[in-house]
Amino acid sequence: MADQLIRATAANGGIRAVGVITTRLTEEARLRHQLSFVATAALGRTMAAALLFASSMKREGSRVNIRIKGDGPLGGILVDGGLDGTVRGYVEHPDVELPPTPQGKLDVGGAVGHNGYLYVIRDVGYGYPYSSTVELVSGEIGDDLTHYLATSEQTPSALIVGVFVDETGVIASGGLVIQVLPKAARDEELVELLEARLANLAGFTTLLRSGKSLQDIFEQLLGDIGLEILPEVQLVRFHCGCSHEKVLGALKLFGQAELQDMIEQDQGAEATCDFCGMKYQATEAELVQLLAEMRAESSR
Ligand code: ZN
């Protein structure tokens, strides 16, 4: 099934639900960054969440960045997802692998670390991103993001994200978020019913692997409480907006002395985009021009 995102409502608009399948884009990230199993799961979960978060934003061009900085061997995770259905991201140490947990699961919490912070930055395109931070709960990412939604957004929410990967690659990946909006939040029976159903839901990737569609999963969860699935199916994909010009511009961060070194010693530079792994070559002439621009800027 193609990577896609669908939206639904239930309980006369009191419940909002979004589901996303990200199997192919998670596989693309795995190949681009040569991710270990546990790194694939960590990045895949975060990418699915970024798409789910971005889906609730209104203004065209809106994006969500999720940064996770735990004390585990994987290092930091950075993901950038947009309302337009594009997502990109990377982990600091993509080759870290850990033995499975006693339950036979990928040890995402151990790799990310149980202590640290989760940052969510929402940018609606006005140039003043809105940012908030919570402490990690377990490093398993799903729990941490649910905790973020409960504390920062103050909307009763359930979020499930999952990635199933084996020797052949990513077999299933995606997630869903269900939010109880203020007009239904006082309906305690409804909230309890939803909690019970989500607790009984087999893992998200288990459902996908058994051939269930997002529509089937919504039907199972909300079918008898006024489910309305919106007709639009949005395609989602891994996409990085980097370019030769942008990466060249980023070389300015190294400073004039370092650029001078690159010109004299290496007669050029190779720069890699962290988000997608694309390599860019800067020629000596380009570096000379960049340095001249910097000198002109600093003498103003
Ligand atoms: Zn890139």
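Atoms within a ligand are numbered from 1 in the order they appear, just like the ligands themselves. Every value quoted in this text rests on a predicted model; they were computed, and no experiment measured them.
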N-O pairing of R45 and E140 below 4.0 Å
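Yes, charged N to carboxylate O under 4.0 Å.
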Side-chain heavy-atom pair V108, V38 within 4.5 angstrom cut-off
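Yes, close enough: below the 4.5 Å cut-off.
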Does any non-hydrogen side-chain atom of P94 lie less than 4.5 Å from one of R32?
no
Leaving out waters, which are not shown anyway, how many protein N, O or S atoms lie closer than 2.8 Å to the Zn ion (ligand 1)?
4
Can you tell me if Q256 has over 12 outside heavy atoms packed within less than 6.0 Å of its CD?
yes
Would you say E60 has more than 12 foreign heavy atoms packed within less than 6.0 Å of its CD?
no
Tell me, which pairs form a side-chain hydrogen bond (donor to acceptor under 3.5 Å, both in side chains) where one or both residues lie in residues 66-76, sequence neighbours left out?
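Every side-chain hydrogen bond (donor to acceptor under 3.5 Å, both in side chains) pair that includes a residue of residues 66-76, provided the two are not neighbours, is D71-N115.
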